[in-house]
Each structure stands twice: as structure tokens, then as C-alpha cells.
2 protein chains.
Amino acid sequence: MLSDRQRMILNAIVDNYIHSAEPVGSRTISKREDIGFSSATIRNEMADLEELGYLEQPHTSAGRIPSTKGYRFYVDNLIQPQFLSQVEVEKLKKLFADRIHHFEQVIESTAAILSQMTNYTSIVLGPEIFEHRLKHIQIVPLNAAQAVAIVVTHTGRVENKLFDLPVGIQASEIEKLVNLLNSRLRDVPFWQLRQRLYQEIAGEMQRNMEQYAEILQVIEDSFSKDESDRVLLRGATKIMEQPEFRDVEKVKDILELLEQNDKVIRLFGSPSQGMQIRIGQENHLEAIKQCSVITTSYYLEGKPVGMIGILGPTRMEYSKVISVLDFLAKGLSKILNEQ
Amino acid sequence: MLSDRQRMILNAIVDNYIHSAEPVGSRTISKREDIGFSSATIRNEMADLEELGYLEQPHTSAGRIPSTKGYRFYVDNLIQPQFLSQVEVEKLKKLFADRIHHFEQVIESTAAILSQMTNYTSIVLGPEIFEHRLKHIQIVPLNAAQAVAIVVTHTGRVENKLFDLPVGIQASEIEKLVNLLNSRLRDVPFWQLRQRLYQEIAGEMQRNMEQYAEILQVIEDSFSKDESDRVLLRGATKIMEQPEFRDVEKVKDILELLEQNDKVIRLFGSPSQGMQIRIGQENHLEAIKQCSVITTSYYLEGKPVGMIGILGPTRMEYSKVISVLDFLAKGLSKILNEQ
DNA sequence: TGTTAGCACTCCTGCTGATTGAGTGCTAAA
DNA sequence: TTTAGCACTCAATCAGCAGGAGTGCTAACA
């Protein structure tokens, strides 16, 4: 579709614009060492690229900036993998070196480092509890009317839920139920739990099933923790460092979006698709039509269980972000599988 | 110190500025119904008030705006309590009506409502666990090397901590220890726990104290959960709606501050002092010298255990904010004491 | 003596028009 | 096919000017 020279010029323009944030003119490109053509030639090519939809002109006498289509072509065809510097790799490795940390802490550090290294906003979706295995169930009565259900996973995650006790139930009965559950359901993965829960109990104590129904429901609820609690965000204010976001109005919409976990979750695509890049208008949410989102998954036992990503301006250092994300996702997967 | 008329004029100026965000001139004041003087008279008084440090002039031919000292006088002497409208009271009452909610949820709703009703940023410091009483301790081994310590309070809060098991310890020994702790320490308030922990154990099992020292340490750690996890924030972006914060630079510093929980905690003063108001330069943090912070405490059994507050521009609707904060703090205290 | 009308003065704000300069598109020549 | 040259466009900048809001001061008035 595009000639070699056009690709070269498009690449040069995007590169330049990413670093300068100014529309780039033909002379700037022709001066670059790797381009051996005069500004007039570049101008002709630029006009063609604009006609094809890869470039845009803010106004008649300005330089060109990449369109969404232009970025897309750049990302799909022109980008070359950027290797992280030795210093950066060391920094990242250190993050994963300290195994003593609780996994939650590793996730938090990941988010922090991700934002710090890229200077964009990092978003992290914690591991789905789905793949975890049950280690322990406990019900602690607080008083005559209330109790807390506690569920521990094999990775050391603890979920809990406060609930009202069914009237007239005996403490001893609860204990019996919990003991039974613990003996039968230990090491069962969460995705099987719902099914097994009723199956195991049904055989043992058909008699007063309805008695326990309420409690079983609560335990079931504890398994499926609120999705939006999985979201972690760092460096939300980084976007303000970008010259094209000097305007409070633009920034406000973005930051308001980031305050809503349920919407942030929707920035992540399907976890099974590896590295995903959504550029500018490719995003469905109005607030971030001038932003790009790059996400990728990390894995447990070969299955994607969580995601990490970056939100930045469309004028983003794509190749660097991709490298860092890739490195961190692999690191996380490794840690997760070792536990 | 100030004459009645000066107080009246200062009050009018602050009121006006709070709602208009524009420097207010003498004519504006003299036109108000409650003021019976000509603009010239007002001008003289204004000049005096400026000399006394209560007002400032952005430039020679502009109106006056209140100085920090001016706001301080306004807050301390001029403000009159604003009663919430029936609609607002209903709205707030509804928040507390639904007792089924977990206390954490009430705290979250409080933060949300606080921000929504005032249109400023709300900051909430969750209840100090200090005053809670122990209900249950549990240690769940995950594998040969690791375990999770779980502590449940009488209000249904669950704290947990992952830790490495001391080598060579028997599961049965742990169970014995936990059983002992549960039988001896139930209903002991957290502030006594550290002391009682060693006291109770020492009598029973002097023999292998050093064996258990590590585990006791972990349990102790679980009591004193990280302070910064207590912070909850809502409506961080509200500040951007204020005309004096249209500038990204100003806003950035504030939002960066709000991203750091440890710094947000420092916005709260001592919990024992009731309603606290820090205006503009009275704040120590550079980023919020153009903001005001109002905080107050909520109580459990007569003791302050947590705080709620508002961060907004110095040009804040003080009387409204104070009313809402007061109402919510009392509501929270009531709920907390009923559980 | 306190209040106020009047007036000169200051300074911000918004508008206009001229200038500059970066960058373009087109044409004609190499 | 490439490129030098040139006319053209348009945003950005700045000086200059008018308008207006608001002040401080003075002198007159009750």
C-alpha cells in the first residue's frame, strides 16, 4: 500500500511528533540524517499521506500530525522493539527479587514502577480469584445476630463478608457446617466451588438444607469479590505533564473517569488477547478519545488471570511502553506461578 | 477591635467573594439591601480593613478579596450556622437508615455524599481499630512455609497478614497457641492487646516462648494496620470546577498530594479537638496554601476514633460545609455506637 | 464629625491592525 | 523524478487604543 519512502517519512513524522509535541514540517524531516530528500519532495509525500488519511493538518500553514490511522500504521508496521537499558532491567528485576512480600504488595509496586518508568498513568487489574484454590473457610459470630464469613485462598488472600445470622440457628450447627466444608472443599479451585458447595452439602445433610441456604449464599458471595476492588491505579496526574493536556477541561474528564473503578475496568479488553493497543478514537469512552491505552495480561498456570496497562496521550512512546509492559507482565506471571 | 460596620462590610465582602469568585468593589457592597451606606463610605472602610490586614487588592483598580486573616475572622466571628434544607436532611438520614450495610460501606457512602453535597473533595479517615475489641484470632497455614494470620474485631472488621512460619513448628502447636489466645483474649480492646498478649502466654507456656515469639509478633502487627489504608477520598477532581483553579499547574500539585495517603493523613489534625478549620496559608503543605481544610471527628464510646473532612478552595462555603460535616460526624458516631 | 458626591487616576481587558515566521502548494527547470 | 523557487496562508505576537471597573482624594453637606 505505502511505498518504502512513504513508510520512512511517516515513521519519521510520528517519531518526531512523539518527542516534540509540535506539528512537524517538511524541512524538519528533510534535515534528518536518515532522509536524503529535499523538503519539497517530503512535502509532496506528506500531501499524499494526508490524502490517504495517515496525517492531519491543524491548519493550512502548520506542519502535519499523525491521525489515528497514522498511529495505527506506525504501531502495526513501523515500530521496532526497543530494548530496555541495563539500568532499567536491573530496576525491574529488583522489584521481583524480594519474595517475602505479599503478592498484593508486588502488584502495588508493579503499578508504581510502571507509572514511574513510563511517566504515564498505570492501571493494574489484580489477579482474578477465580483461579485460586480454597484453603480455609471460617465463620466468626460477633453477637447473637451477626457473623463474619472469612475465606482464605492458597495464595494467602483473605476475603470476608459481614452478614446477619438466620434466626434460631445454633453455634454448634454452624461449626459443624464449617468443619464439613473445610474437610470437603480444601484445595478446590474457586471456579468449581459454587457447584461443589451444594453438591457436598446435599449428600451430608439433606434434612435442613433450607436452614443453611442463607449461610451458603454468603460464603458463595465471598468467593466472587466485587470486580472493581481489583483495580489499582498509579500516577493519575501524569497526564497533566503533557503539553496537549494543559487544559483543565480536557484533564478533568479523564481524571473523573479514572475515579470510577467500574469504568477503568472497561479500559481493559479481553484478557486472552496478549498485548492490546487502543489508539485515540478507537477508544469508546468519550473522555479518552485523545488518549491511547495499552494493556497486556499476566498468567497463572497458562491462563490469563489479570492485566496491566498504561493510559497516556495518543502521542505516546509506544515502543518503550510496550517493552516495559511486556517485561513486567512476564515477571508477574513468573512470581505468581512460583507461589 | 472591628466596629460593627466593619464587621458587617467584611461579612458582605467575604459572602460575595465566595459566590462570585471576583474581587468585590465598593459599589457592589453599597447596593446590597442590608447595607445603608454609599460606595464612598464603603471605600473608606475597605481601605481601613485592608490596612488592618483583613482584605487584599489584586491590583490598584480592582476590588478587594479577603486575606487569610479576613477569612479567619469571618469563620471565627461572622459566620452564622446554616441549617440544612429538609431535602438535604432527608438525603443524609437515608444514608444512615440502612443498617444492613457493613460499616466500611457506610464510611464509603459518607465520603461520596460529603463530596456530592458540598462539591468539594471529601477525605475520610476510617475508624481507628484501637478501640475495637478482639473477637477471634485464626492462623491458616498455606503450605509448609507460609501462613496467614487473621484477626476479627467485634465490629466485624477483618485484618490479615501473610507471614513465614518459623521452621520446625508443628501445626498442632500453632493450634494450641491460637486456642489459648482466643480463650484468653476475647473481648479485650486492641489497645490492651499488646500487653495482655505476652502476659497471658507467659503464664501458660514459659517453656517455649522463643518458639512463639515470631508468631506473636505477626499477630501484634495485624492489630496495628497500616495507617494509610484508613484514608478514603472522593471527588478529588472537584477542585477543577473552581475558577481560580483553571490552571493545570496549581491543580497538579494538589492532586499529586491527594495521591499520597500518608500526606493526606497529615491534613487531619488531632482528633480530639472537634471542628478544625485550616485556611489558606495556615496549611503547612505548600500545595494547598490556596485551599482550606475543614475536619471533625466521629466518636465511639465517647472517644474520637476517626475523622471526616473537606478540602476546597479558601473561597469555600464555610457555613454549609460545617453544617454538613457536623451532621455526618454525629450520624457516624451514632451508627458506630449502635453496632 | 461622619457621610457622600464628584472627579481624576490607575490598571485590567478586549479589540484592532500590523508584523513575523513557519510551513504549504504549485510551477518550472534540472 | 526530484528539487529550487516563489507566492500564499495562517497562527502567534505585539503595540496601541478605548472602555470600564474601581479606587483615593477632596470638598461640600447634614
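Note on naming: letters A, B, ... go to the chains in the order of the sequence lines (proteins, then strands), and numbering restarts at 1 for each one.
- Remark: A/Glu259 pairs with no residue by the side chain to side chain donor-acceptor pair (under 3.5 Å) rule, at least two apart or across chains.
- Note on B/Thr41: every side-chain N or O is 4.0 Å or more away from OP1 and OP2 of C/dT3.
- Taking atom CD of residue B/Glu45 and atom C1' of nucleotide C/dG2, one finds them 10 Å apart after rounding to whole Å.
- Residues passing the side chain to side chain donor-acceptor pair (under 3.5 Å) test with A/Gln82 are A/Ser319, sequence neighbours excluded.
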TODO: For each nucleotide in nucleotides 12-30 of chain C, reading 5' to 3', give B when a protein heavy atom comes within less than 4.0 Å of its base, S when such contact involves only the sugar-phosphate, and - otherwise.
DONE: S---------BSBB-----

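- Every side chain to side chain donor-acceptor pair (under 3.5 Å) that B/Asn119 has, sequence neighbours left out, goes to B/Lys238.
- Across the protein-nucleic acid pair, B/Ile29 atom CD1 and D/dG22 atom P stand 10 Å apart, rounded to whole Å.
- Between the P atom of C/dT3 and the CD1 atom of B/Ile42 lies a distance of 10 Å, rounded to the nearest Å.
- Taken residue by residue, residues 5-19 of chain A places heavy atoms nearer than 4.0 Å to DNA chain D at A/Arg5.
- Separating the CD atom of A/Glu22 from the C1' atom of D/dA11 is a distance of 12 Å, rounded to the nearest angstrom.
- For the ring-ring contact (aromatic ring centres under 6.0 Å, His included) test, residues two or more places apart in sequence or in another chain that qualify with A/Phe73 are A/Tyr54.
- With sequence neighbours excluded, the residues satisfying side chain to side chain donor-acceptor pair (under 3.5 Å) with A/Arg315 are A/Gln242, A/Glu244.
- Within the structure, the salt bridge (charged side-chain N to carboxylate O under 4.0 Å, His left out) test picks out the following pairs touching residues 44-62 of chain A (sequence neighbours left out): A/Arg5-A/Glu45, A/Glu50-A/Arg64.
- In this view, A/Ile279 and A/Thr68, A/Tyr71, A/Arg72, A/Val75, A/Ile277, A/Glu282, A/Ser292, A/Thr314, A/Tyr318 satisfy the side chain to side chain contact (heavy atoms under 4.5 Å, CB included) rule, not counting sequence neighbours.
- In terms of heavy atoms, B/Ser38 sits closest to B/Ser30 at C-CB, 3.7 Å.
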